[in-house]
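Scroll down for the structure; my scribbles are underneath it.
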Amino acid sequence: MSRNRRGPQGKGGGARRAENNKIYGDALPITFPLSTDYNEDKSLSLLARGFRIGGTILNPNCEVVFDKTTHSAWTFSSRDAMILWRKGFFGKGDLSRSEPSWLSRQINALKAAKKGELTSEEIREKRRAERKQFKIDRAKAIADAAAEAEAAFIEGREANTTFIPSGATWKPQQQNVQNAENVLIVPEEDEESGEAVLEEDEIPQDVEHLQLTLQETFFLSWAVNCLTVHDPTKESPMTLQEIWTSFQAVHCITPSHDHRFDNPFIINYAIYHYYRSLGWIVKGGLKFCVDYLLYKRGPVFQHAEFAIMVIPVYEDPADQENSPFQLENSDPMSWTWLSTINRVNSQVQKTLVLTYITIPAQSRISPTVLSSPACLSHYTIREVVLRRFIPARMRD
Amino acid sequence: MDDSLEQPSYQPHPPKVSFEDNDNENEELSSGDEDEGPDWTKLPTVSRPVIPKRGDKDFEPNADGGSNFQKHVLDRSRNAMLEALRTERNTSSKSISYGIWYPSLARTHVTTARGIHFTNMGHSVARSTSLPSENDTAKVPKRLELLPEEALYLVERGSMFCWKESEGHLGLPGMEGEPMSVQQTFAEMIGTEDLTLEKYQVYAYLKRLGYVVMRTKPPTSAYPAAAPFDKKVPPKQSILAKLFSRIHSVLLGLGRMIFQPKFNWWRPLKHSPLFRFNMNYSSVFRSLRFLPGGHGAPLHVKPLQDSSSSPYEIFYNIYKPSTNLKKSSPPAPDFSVVVINARTTPVPNLVELTNLFDVLPDLPPPVPRQRLAFAEQKKLAQATASSTPAMTSTVTPPSEISTSGPPPKNLSIFNKLFSWILPSSSAQSSPVTRQGRPSQQQRRPNPFAVLKSGKKLVVIAAVDASNISFFAFRQGLFEEFPMV
């Protein structure tokens with residue numbers, strides 16, 4: 001996370017923020033060059049070459065291929081990957097934690113190797129090794145102190161105070177330092193240029209692609225209209241109708257499961273679309289036990305503020321009984337489970353939001369509306385913000 | 001640890017010798033140290049029990065199964081705790097109150113009221129002590145009565161002595177009935193007047209923290225509970241305004257029909273050539289907001305059981321310790337608390353939460369943080385304090401305040417509430433807000449703070465075998481605060 005927040009150039013302070021604003025400032029892949037507050041800059045005009053200019057909307061027309069087995073869609077050009085990530089933070093690099101940065105990390109590693117420096121990944125590994133050593137040392141010191149206390153207790157004397165290292169007082173031992181220095185010693189200081197230069201043939205080929213969730217794919221192709229989805233088995237790109245049905249079919253084992261209001265794709269899409277339309281950057285929240293995370297402007301700028309736990313609510317309990325889908329959190333929830341999720345999220349300074357989505361009753365709304373996204377207007381979404389309430393701190 | 005203490009094999013009376021040297025050691029350890037544990041040490045006892053200071057935990061037992069030193073420390077702490085618990089609790093006869101418990105009424109009649117507890121506990125009831133045939137002649141005398149949880153709380157903390165009503169001993173005032181032990185009081189009172197053990201535990205916990213705790217639903221008409229919240233506080237529209245908004249919406253719909261083609265579900269992003277030149281991100285996002293969100297949308301969920309049997313009902317109204325509460329006419333509470341047994345009751349479902357929110361008022365918006373010099377803050381506090389009493393009579397027209405008629409203390413909250421809903425009316429009617437905090441009107445609250453504090457709040461106390469977890473469930477309003 002912190003690596004991403006630093007931005008690609010690794011600059012500090014206000015310069016970095018300005019740089020990030022420039023790179024990641026657009027909320028969607030489509031841009032409006034004639035808007036009043038828009039200043040065309042060099043980098044964009046370069047990008048804009050590939051764009052088809054239509055009216056006042058610059059549509060990048062990105063392309064992805066639908067991969068049914070992984071429930072995702074993949075880009076096949078780094079240009080598309082960059083646009084989709086930078087303008088609205090869509091998708092995830094398949095070899096990275098979020099931003100597709102595999103190639104730049106490889107280049108950094110090669111450059112660092114040339115200069116004899118550590119890459120940030122190696123620095124992290126070193127820090128982890130040191131932390132592990134610290135814990136071992138501390139445990140040993142505590143055990144020694146306990147042994148001393150025991151000896152003193154038996155002999156009936158005052159125990160000698162022993163030193164137990166803390167995170168602030170502990171220093172890596174000699175051998176570790178030497179190891180690190182061996183790596184850190186630069187064989188020959190390159191005085192003339194601080195930056196190592198790579199030859200053309202040394203730069204590896206970019207093998208990373210951006211992968212979009214089905215929700216992101218449908219949002220971009222249907223709502224924003226800037227994405228073409230290809231079916232690997234067919235020649236022509238998929239129509240919206242095809243996308244709509246095949247994304248639902250991903251969850252259906254038999255055709256009898258078609259046309260259900262509780263299709264996981266539709267439910268997740270409704271939530272995704274709802275928060276996207278309110279201007280939030282919506283990313284997956286698996287790491288924090290939840291369905292989605294909401295960022296105000298994006299992971300590059302701030303940490304996620306809210307953690308969304310989707311709770312599907314069947315309007316008609318009969319629909320749940322005969323459902324082929326086991327929707328997460330749709331059954332009555334235990335307090336243990338709720339406390340678990342709330343603890344995890346308050347630990348990382350996120351506010352837990354229970355997002356209830358009602359699933360229209362088949363008896364009330366005819367399932368024929370499911371043939372198009374028009375069915376989305378029959379779902380309702382409401383939030384309940386959850387926090388622990390501590391009476392001892394609310395006394396004023 | 002508790003389990004091992006309950007083992008019958010545990011030696012209840014450790015050798016006297018070890019105690020004496022423990023006491024000496026612990027005297028030094030705990031001197032001048034404010035212990036954060038229970039209040040045992042504060043009981044006025046002859047030989048004051050000493051709780052050892054909390055030290056570092058030995059969380060890694062030795063490989064050989066605990067050293068002698070560890071065992072010594074553990075025994076010392078256990079003995080101190082048991083000794084503290086064993087100490088006889090005494091109360092001065094001059095400060096104790098007396099009451100008689102009437103199981104048939106589920107009330108305790110306070111015959112001698114002493115101490116400050118009764119400023120916010122108990123209620124007076126007109127109750128005839130004589131036979132029913134005579135009571136229509138004379139004026140019925142009023143007497144102070146306690147609900148089961150109130151009486152139990154006072155008995156448990158040693159502030160009241162309780163008798164049980166007994167038919168044999170009528171006559172001597174204050175001495176009727178049979179004396180009850182604390183244990184008997186628990187056994188008799190839990191289960192009466194809707195009081196469960198969980199509800200009592202929540203009551204006692206909040207009382208110990210200094211909150212004023214009252215029932216939300218008055219058990220009888222004699223109980224002075226706060227009036228239920230006026231459900232229709234916000235929409236105070238005049239007929240003209242209603243008419244205007246109606247016409248406005250019709251015109252808007254008409255305009256939409258003329259200027260925009262019918263909403264095409266396969267092309268949600270509007271590419272109307274008329275509006276194309278004004279397009280920006282906020283207009284795009286706005287046009288994508290067609291999913292019904294927010295708690296105002298109709299809820300078609302079929303309830304599984306009838307809502308009256310739901311355990312999710314607000315049980316307590318609580319007031320912050322600073323509230324200067326008038327017992328006979330309590331104001332709107334600071335928090336509404338639901339108490340449930342976490343072992344047997346699942347997390348409330350959407351219908352239950354909606355029902356809870358339906359009876360609750362809208363919260364005032366969070367006050368934006370202000371950076372003021374200390375001198376300014378002081379001046380502001382003085383100005384507010386001096387002008388507050390005058391406000392009740394002059395400022396807000398009585399019709400605008402809900403029927404409960406809040407006392408001056410809560411008026412500021414109501415003002416905030418009104419300024420939230422009707423910005424114009426509150427600006428006219430609350431000079432204090434205008435003079436005292438001039439910047440408040442212009443300053444928009446931080447959207448994150450608004451989203452986190454929500455529109456309505458209900459506190460749910462989930463009691464799991466006497467461990468109480470309080471949760472604040474707040475009605476979200478994300479649809480009202482888009483980020484773009």
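So you know, we letter chains A, B, ... as the sequences are listed, proteins then strands, and number each from 1. The structure displayed is predicted, hence computed values, not measured ones. As a basis for the values below, the full set of heavy atoms in this structure was taken, side chains included, without hydrogen atoms, waters or symmetry mates.
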Engaged part of [X] at the chain A interface, taking heavy atoms whose separation is under 4.5 Å:
X        : value
B:Ala462 : side chain
B:Tyr319 : neither
B:Ile460 : side chain

Problem - Contact origin within A:Asn342 toward chain B - heavy atom pairs under 4.5 Å - result: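 Looking at A:Asn342, just its side chain touches chain B.
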Practice task
Against chain B, label A:Ile30 side chain, backbone, both or neither, depending on which of its atoms sit under 4.5 Å from a heavy atom there.
Solution key: both
Problem - Intermediate values then yes/no, side-chain contact (heavy atoms from CB on, under 4.5 Å), B:Leu288 and A:Phe219 - result: CA-CA 10 Å; B:Leu288 291 178; A:Phe219 181 77; 4.0 Å; yes
Problem - Results of side chain to side chain contact (heavy atoms under 4.5 Å, CB included) for A:Ala374 - residues two or more places apart only - result: A:Ser372, B:Trp265
Over all atoms of both residues, closest heavy-atom pair of [X] and [Y]:
X        : Y        : result
B:Leu451 : A:Val385 : O-CG2, 3.5 Å
A:Ser371 : B:Trp266 : O-CZ2, 3.7 Å
A:Val384 : B:Phe473 : CG1-CD2, 3.6 Å

Handout entry: Euclidean distance, B:Lys452 NZ relative to A:Glu305 CD, rounded to 0.5 Å
Key = 4.0 Å
Completion exercise
Against chain B, residues from residues 349-361 of chain A with at least one heavy atom under 4.5 Å, in numeric order, are A:Thr351, A:Val353, A:Leu354, A:Tyr356, A:Thr358
Exercise for the section: Any chance you could lay out the side-chain contact (heavy atoms from CB on, under 4.5 Å) test for B:Leu350 and A:Arg382, step after step, and finish with the verdict? Expected result: CA-CA 9 Å; B:Leu350 181 59; A:Arg382 52 200 95 203; 3.9 Å; yes
